[in-house]
Amino acid sequence: MKYTQLGRTGLKVSRLVLGTMNFGPQTDEADSHAIMDAALDAGINFFDTANVYGWGENKGRTESIIGNWFAKGGDRRDKVVLATKVYGNMGADGEAWPNHDKLSALNIRRAVDASLKRLQTDHIDVYQFHHIDRNTPFEEIWQAVDVLVQQGKILYVGSSNFPGYKIAQANEIAARRGGTIGLVSEQCLYNLAERRAEMEVIPAAQDYGLGVIPWSPLHGGLLGGVIKKEVQGGRRASGRAATTLADPGARAQIQSYEDLLDKHGLEPGEVALAWLLTRPGVTGPIVGPRTAEQLASALRAVELELSAELLAELDEIFPGTGPSPEAFAW
């Protein structure tokens, strides 16, 4: 495994991030524990989750699965850089009691304590804001963060799904207040097929020293050889991938991608991950394996070297937006 610093911090993390969203809903606890053991054995030390994972009436279930794994001992907790998220409504029926969601100081305090209990740990390494909260000023958010850092309950703070201007706003207010280093990471939707983050989000993250942690690196399976799998009678596309493939132009684009990698003798999913590892500012993509085999495929991507020729060919199929403001100004 290769490692890098998380943004401007002294924290060293693996170039792949283990996403746990499938633990509970699609992968049972025993298999989830086996995947976490295999990830740790392979050198992955950065695990990502969220308080809402488990979904519906099972919100919090994923954190509990991780907590039970930590409780097995063997230095599991000490070896892991643990990241979780706050924002979502934790009510099983979808109705939030006032102050039981989003980023008020009250909910942040309540959510941290609940996550710590489920995770069976005394601290969270990277506590992430899952979305922006338009109704809570950053002065209040940073005040709540300062208290939690002083209490030793969290160490660093990151964002997720933030636009570039909110990254700037959050860190400028943190700098004015003093006493906090502000956001250290941004978790955003970013992959070969979805490159809008290159216009504003990633430049803002780079300027403010945030590590970029792309989620959905295979774009809901679209970049994982989905057409080839369909032809071979494998798992059919669903969700975002199925919607995209219903468009003839988009399907032709994905077919060109798969044909290109077939010519080079490469696996589409591994190339999609390896491509992200070449991008400026990227700490590491989140991989969310449902099985041990999917984890093994992701691990191979870390060692995959993409030639300049192949990178150029990928850009032809999936052209980026270009830098801001040139991308929209002229």
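Numbers for residues simply follow the sequence, beginning at 1. Fair warning: this is a prediction, and the values are worked out from it, not measured in the lab.
- Residues Q151 and V112 fail the side-chain proximity criterion, which asks for heavy atoms closer than 4.5 Å.
- Using cut-offs of 30° and 60° for the angle between ring planes, the F129 and F162 rings count as parallel.
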Anything under 3.5 Å between a donor and an acceptor, one on a side chain of residues 200-215, the other on a protein residue two or more places apart or in another chain? List them.
unit_1, atom_1, unit_2, atom_2, d
E200, OE2, S324, OG, 2.9
Y208, OH, E172, OE2, 2.7
W215, NE1, N161, OD1, 3.0

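- Two residues are said to be in side-chain contact when any heavy atoms from C-beta on lie closer than 4.5 Å; R300 and E267 fail this criterion.
- Rounding to the nearest 0.5 Å gives a distance of 12.0 Å between CD of E140 and CD1 of I173.
- A distance of 11.0 Å separates OG in S216 from CD in Q187, rounded to the nearest 0.5 Å.
- For K153 and D113, the salt-bridge test passes: some basic side-chain N is under 4.0 Å from an acidic carboxylate O.
- Between the side chain of E313 and the main chain of L260, no donor-acceptor pair closer than 3.5 Å is present.
- The distance between the ring centers of F318 and Y257 falls below 6.0 angstrom.
- D28 places a side-chain N or O within 3.5 Å of a backbone atom of D31 that can act as its donor or acceptor partner.
- Looking at H123, its side chain never comes within 3.5 Å of a backbone N or O of L116 through a donor-acceptor pair.
- Taking CG from L306 and CD from E270, the interatomic distance works out to 11.0 Å, rounded to the nearest 0.5 Å.
- A distance of 9.5 Å separates CD of E194 from OG1 of T321, quoted to the nearest 0.5 Å.
- Around the NZ atom of K117, the shell of radius 6.0 Å holds no more than 12 heavy atoms that belong to other residues, nucleotides or ligands.
- Hydrophobic clustering (side-chain heavy atoms under 4.5 Å, transitive across Ile, Leu, Val, Met, Phe, Trp, Tyr) keeps I154 apart from V52.
- Between A272 and L218, the closest heavy-atom pair is CB-CD2, 3.6 Å.
- Salt bridge present: E29 and R61 bring a charged side-chain N and a carboxylate O closer than 4.0 Å.
- Here the closest heavy-atom approach between residue S14 and residue M1 is recorded as CB-CG, 3.8 Å.
- Grouping the Ile, Leu, Val, Met, Phe, Trp and Tyr side chains by contacts below 4.5 angstrom, directly or via other members, places L311 with L276.
- Nearest heavy atoms, Q253 versus I317: NE2-O, 2.8 Å.
- At least one side-chain heavy atom of S185 sits less than 4.5 Å from a side-chain heavy atom of V126.
- Annotation: the span from S115 atom OG to N51 atom CG amounts to 5.0 Å, rounded to 0.5 Å.
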From CA spacing to verdict: ring pair (Phe, Tyr, Trp, His ring centres under 6.0 Å), F23, W69:
CA-CA 12 Å; F23 295 175; W69 181 74; 9.3 Å; no
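- Although no hydrogens or angles enter the test, the distance criterion places no donor-acceptor pair under 3.5 Å between the side chain of S297 and the main chain of Q294.
- Side-chain contact check for F138 versus L183: every heavy-atom pair is 4.5 Å or farther apart.
- Looking at L245 and R251, their side chains come closer than 4.5 Å, going by heavy atoms from C-beta outward.
- Around CZ of R109, the count of heavy atoms belonging to other residues, nucleotides or ligands within 6.0 Å does not exceed 12.
- Within 6.0 Å of the NZ atom in K12, the count of heavy atoms belonging to other residues, nucleotides or ligands does not exceed 12.
- For E57, the CD atom counts as loosely surrounded, since its 6.0 Å shell holds 12 or fewer non-hydrogen atoms of other residues, nucleotides or ligands.
- Under the 4.5 Å side-chain criterion, counting only non-hydrogen atoms from C-beta, I35 is in contact with L18.
- Within the model, atoms CG of L119 and OG of S64 stand 7.5 Å from one another, a figure rounded to the nearest 0.5 Å.
- Annotation: side chain of L314 is in contact with side chain of V271 (closest heavy-atom distance under 4.5 Å).
- The closest donor-acceptor contact from the side chain of N107 to the backbone of V86 lies at 3.5 Å or more, if one exists at all.
- By the criterion of side-chain heavy atoms lying less than 4.5 angstrom apart, applied directly or through intervening Ile, Leu, Val, Met, Phe, Trp or Tyr residues, W142 is grouped together with Y87 in one hydrophobic cluster.
- Between R77 and D122, no side-chain nitrogen of the basic residue sits less than 4.0 Å from a carboxylate oxygen of the acidic one, so the salt-bridge criterion is not met.
- Looking at heavy atoms from C-beta onward, V17 lies out of side-chain contact with F47 at the 4.5 angstrom threshold.
- Following chains of ILVMFWY side-chain contacts shorter than 4.5 Å, one cannot reach M21 starting from Y190, and the two form parts of different hydrophobic clusters.
- Distance alone, capped at 3.5 Å, is enough to place a donor-acceptor pair between the K229 side chain and the G224 backbone.
- Comment: R177 engages D146 in a salt bridge, judged by a side-chain N to carboxylate O separation of less than 4.0 angstrom.
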